[in-house]
Structures are given as C-alpha cells and as structure tokens.
There are 2 protein chains.
Amino acid sequence: VIEFEQVSKIYGQADAAVVALDRIDLRIEPGEFVALMGPSGSGKSTCLNIVGCLDAPSSGRYLFRGVDTTQLSRDQLALLRRHYLGFVFQGFNLVARTSARENVELPLIYRGVPAAERRALTRQVMAEVGLEGRERHLPSQLSGGQQQRVAIARALVTRPAVLLADEPTGNLDSARSHELMRLLGALNHSRGLTIVMVTHEPDMAAYAHRVVRFLDGRIADDHPVTQA
Amino acid sequence: VIEFEQVSKIYGQADAAVVALDRIDLRIEPGEFVALMGPSGSGKSTCLNIVGCLDAPSSGRYLFRGVDTTQLSRDQLALLRRHYLGFVFQGFNLVARTSARENVELPLIYRGVPAAERRALTRQVMAEVGLEGRERHLPSQLSGGQQQRVAIARALVTRPAVLLADEPTGNLDSARSHELMRLLGALNHSRGLTIVMVTHEPDMAAYAHRVVRFLDGRIADDHPVTQA
Ligand SMILES: Nc1ncnc2c1ncn2[C@@H]1O[C@H](COP(=O)(O)OP(=O)(O)OP(=O)(O)O)[C@@H](O)[C@H]1O
Ligand SMILES: Nc1ncnc2c1ncn2[C@@H]1O[C@H](COP(=O)(O)OP(=O)(O)OP(=O)(O)O)[C@@H](O)[C@H]1O
Ligand SMILES: [Mg+2]
Ligand SMILES: [Mg+2]
C-alpha cells in the first residue's frame, strides 16, 4: 500500500543543504506492522511525514495504494489523509485551549460524524489508552504521558487504515508502553491496521513484524523481527 | 541542598481536585545524581517543577540550600533559578523563531555574560551534545532528538549547581542516550553537578546513584543504585 521509489528529501540549498532522505526505496504491504529505527537525525520523521502526505519528496515517487501522491493537489492530499491515515506526532501537536476529549473528537468532526456517535467513539478509544476521567482536562493540565495518549487516541478514533506513529512511547513508563503496544498489536491483528512506527526502543520494536533501520538518510537494514 | 517537608500539590477543587503530590518528604544532598521514576501521571514532573521553583507547593515546605522557597517573592525565585538551576523540560520549550545557538545562549544573556564569552561557552556545550553544524538551524529545522539536545545544552551552558532534567533522553536513540548519560555522569563526578533526572528508562536510571519511585503522588521507594 506504501511504495517509495528513490525518494529523496533535501532541505536548504548549496552548502547549507541537508540531505534528510537519500534515494529511499521502501514497500509496505497492507496489514504490516513496521518499526523504523535509527540514530537521531537519520531521517525517520522525515520519512514518516512523507508517508503521511504531510511533506513531499524533493525527488522520486511516493505511491499510496497505487496512486502517485506527487501528482495530487493539496486538497486531494488532505482528503487522502482524512480517510486513510492516523498520525501520532513526535511532539503530540494537541490543540492547546481544547479539552482532551475535544482533541480526540476532532478527526471525527472533519468527517462529519454526528455528535452522539462521536461521543461514543471518543469515550471508547480514550478508555483503550487509559484516559478515563481526563476528558475535560486541557493539555496543560495533563502530564507528558497523558498528552501523548491523547495524541494516540486522536489518531485511532477514526479507525484509520494506516497508523503512523512517531515515537509513541517516548513519554510513557514501561507498563503503559507495553499496554499501548499490545493495543496496537491487537488492532493490527484483528482489524488489519497497517502500522508504521518510529521508535528508538528495541522492546517496542519487538512488537512489530519488521524493522527498517535508517542511517544518514539511507536504509541501512530491513529485516523481519525474529520471534524470541 | 534540596529538602521537601510534607510537600503536597493539589490542582483544581472539590470533586475535580487532583492530588498530584501527597505529602512528599525528600532530601537531596549536593553532588547527588538522583533518578525519579514512576508511572505516567504519578507526580514526577510536578515534583521537578517545584524543585525548580517553577511551581509552589499547595502545602508543606521546600527548602533550597536551607532557604524556605515558599517565603520568596517571584523576583527572588527568578534570581534563584538563574544562578543555581538548569532545567530540561519534558517538552523542550525552545524559542521557535530563534536559532539553536541563540536558544542555548539565552541563559548567558540573562546573566549579562559578554558576547565573546557567550559564543565560546555555547560552542563548547553544543559540541558536548553533538550539535556542531546545527547552530543556525531553527527548532522547526531540527529533528526531535536534536531539539532535545538543544534544550539540554541550554540547561548546561551556565554550568549550574543543580541540573533538573525531565525525560532528557525521550527522543534520543540508544547511542545518543548513553553518550548524554556519560556526559552528565562526568559533570556530576568532576564538577559535583547535582542532578535530578526524571526518566522511565531503567538503562538511563542506572547512571544515577539513587532511584526515587513515585506512585500516585507519593514516594513508594527510595534506594541507592546497586552497581552491576
Ligand atoms: N526544515 C528543515 N530544514 C533543515 N534541515 C532539516 C529540516 N527538517 C529536518 N531537517 C534535518 O533532516 C535530518 C533528518 O531529520 P528527521 O527529523 O527525519 O530525523 P529523525 O530520524 O526523526 O531524528 P530524531 O530521532 O532525532 O527524531 C536532520 O538532520 C534534521 O536536522
Ligand atoms: N494544571 C493541572 N491541572 C490539573 N491536573 C494536573 C495539572 N498538572 C498536572 N496535573 C495532574 O497531576 C498528575 C501528575 O502530573 P505529572 O505531570 O507530575 O505526572 P508525571 O509523573 O510527570 O507523568 P508523565 O510521566 O506522564 O510525564 C497527573 O495526573 C496530571 O493529570
Ligand atoms: Mg524524529
Ligand atoms: Mg512528566
């Protein structure tokens, strides 16, 4: 469903140019659970942002479900994101003056889901990530890990076809992290949710089927996870 | 140097009241390297914010170097922070439209350090965290882990007496994380830098002398780290 053909991403120009991605070839099938790993600055978030149609390659092609995204307009890309993708950002990107529940509801509002159904879906997914009792809190009234879980709930509430998660356990303690991984594993297994997850924690990558390792904007390694 | 006497922190009121900290007693001596661990929402950041004089207890006393901080004015607290404390926030808190180098320089400007000396100190500390070549980048042009390292450099540039770090390796890969811990360990050992570090990663806590475990706003455990 996700195909990178010689994708490069270059920021800046001339001497100041930064090659964030360097001719990446990558193919992810529906239902796969893939972990992206690699050193800080190696291109993981840049890769995920392009997969999520939040950014475009400088060169090469990115085909999503066979469609060449580099040929789509901004509106078409927005529609694609809305219907197929859930994104957990490395920095959460919650709306500040909006309650946790309203943050989670947002993608459903964009899809025109009626209020009663929105409430039910939101309540359910917030319970899945252990946020009962926090619905009315503003992000500033939540701990770092609670904010992270609001971001995860928001990405899952539309039951997207593809979940893109950028360091989803960075602020979670071990118990919460494994809890979340079991949830993602279950959604992947039972609903065929395709998951592309950036993580620097081997214990979390162990829940994936496959690990792709980045180094200096290139893919240095790509192999299945051997079940221990 | 850091003394909590029955410190409580309560947010909200009545039914909506959240007891973030529940009568905490804690004592940290100069030169100690202490890790604060515990589940998401257990009170770690709240505790660190009070230690850093960024927040005040609802009840109880916090003495810093024998001074009762609950008796200090806002200006006196600001001075205390400026002279003694370096703080790495869970969310980095970098200034958006300001380059990495200028972000790092900021505490030195507040201390009235002359420009030439500022440049030298900044260059040195940015090299210590592996950010050479990134000085002119804006936060938005940096990876998550690079932003985190700017935040760490900014906290260290004044060579504070006490470093307070809230999940400083949350966005760093394993190699960078251990590199940072070795740096902090060296500063603790060679300069007597007191370090209070929130982390949920046992591998990082292993660099500390002592681990304090939080649970539901209380201290559940407090013991030295046994050298493996
Ligand atoms: N807008 C930009 N302008 C210039 N350079 C950029 C920009 N965005 C990213 N970069 C650079 O591209 C490289 C890759 O960044 P990216 O965020 O993909 O790394 P990452 O692997 O996610 O790192 P981390 O693990 O630290 O989050 C980095 O060196 C970064 O500094
Ligand atoms: N301004 C606030 N209003 C209401 N509740 C708050 C506020 N700030 C924090 N809390 C609550 O206080 C509790 C402790 O928060 P704190 O940020 O200290 O947790 P933490 O241990 O740092 O968690 P994490 O590991 O997720 O960062 C949490 O349950 C949080 O929701
Ligand atoms: Mg990243
Ligand atoms: Mg916290």
Side-chain angles (χ1 to χ4, degrees), chain A residues 11-12 15-16 18 20 36-46 48-49 89-94 129-131 133-134 136-149 166-177 179-180 198-205 213-215 217, chain B residues 11-12 15-16 18 20 36-49 89-94 129-131 133-134 136-149 166-177 179-180 198-203 205 213-215 217:
Chain A
Y11 294 105
D15 296 357
V18 175
L36 307 184
M37 302 189 79
S40 171
S42 56
K44 306 179 295 294
S45 294
T46 302
L48 209 67
N49 291 344
F89 295 90
Q90 194 162 4
F92 314 152
N93 292 17
L94 300 181
V129 296
L131 282 173
R134 297 281 172 216
R136 301 184 184 286
H137 284 75
L138 299 180
S140 58
Q141 299 172 326
L142 296 173
S143 76
Q146 289 165 339
Q147 291 177 30
Q148 186 154 42
R149 283 179 274 149
D166 201 342
E167 309 270 7
T169 61
N171 282 286
L172 299 181
D173 59 275
S174 172
R176 284 280 179 209
S177 299
E179 195 174 281
L180 173 65
V198 173
T199 182
H200 64 265
E201 304 188 53
D203 288 358
M204 302 300 115
R213 286 192 180 281
F214 283 73
L215 190 62
Chain B
Y11 294 104
D15 296 355
V18 174
L36 307 184
M37 303 189 78
S40 173
S42 56
K44 305 180 296 295
S45 295
T46 301
C47 176
L48 209 67
N49 290 344
F89 296 90
Q90 195 163 1
F92 313 153
N93 290 16
L94 300 181
V129 297
L131 282 172
R134 296 283 173 214
R136 300 183 185 287
H137 283 75
L138 299 180
S140 58
Q141 298 171 327
L142 295 173
S143 76
Q146 289 165 339
Q147 292 177 28
Q148 187 154 43
R149 282 179 276 150
D166 200 342
E167 308 270 8
T169 61
N171 284 286
L172 299 181
D173 58 275
S174 172
R176 285 281 179 206
S177 299
E179 196 176 279
L180 172 65
V198 173
T199 183
H200 63 264
E201 302 187 56
D203 287 358
R213 286 192 180 284
F214 284 74
L215 190 61

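Each chain gets a letter, A, B and so on, in the order the sequences are listed, and its residues count up from 1.
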Which of A:A20, A:G41, A:P39 touches chain B most, by non-hydrogen pairs under 4.5 Å
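Ranked by contacts with chain B, first place is A:P39.
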Counting only non-hydrogen atoms closer than 4.5 Å, does [X] touch chain B with its backbone (N, CA, C, O), its side chain (CB onward), both, or neither?
X	result
A:V198	neither
A:R149	side chain
A:T46	neither
A:E167	side chain

Largest heavy-atom contact set with chain A, pairs under 4.5 Å, which of B:D173, B:L142, B:V18:
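Among the listed options, the one with the most contacts to chain A is B:D173.
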Rounded to the nearest 0.5 Å, what separation is found between the CG atom of B:L180 and the OG atom of A:S40?
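Answer rounded to 0.5 Å: 11.5 Å.
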Spacing of CD belonging to B:E201 relative to NE2 belonging to A:H200, to within rounding of 0.5 Å:
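Here the rounded value is 4.5 Å.
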For B:S42, is it the side chain, the backbone, both or neither that has a heavy atom under 4.5 Å from a heavy atom of chain A?
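It is neither, since no heavy atom gets under 4.5 Å.
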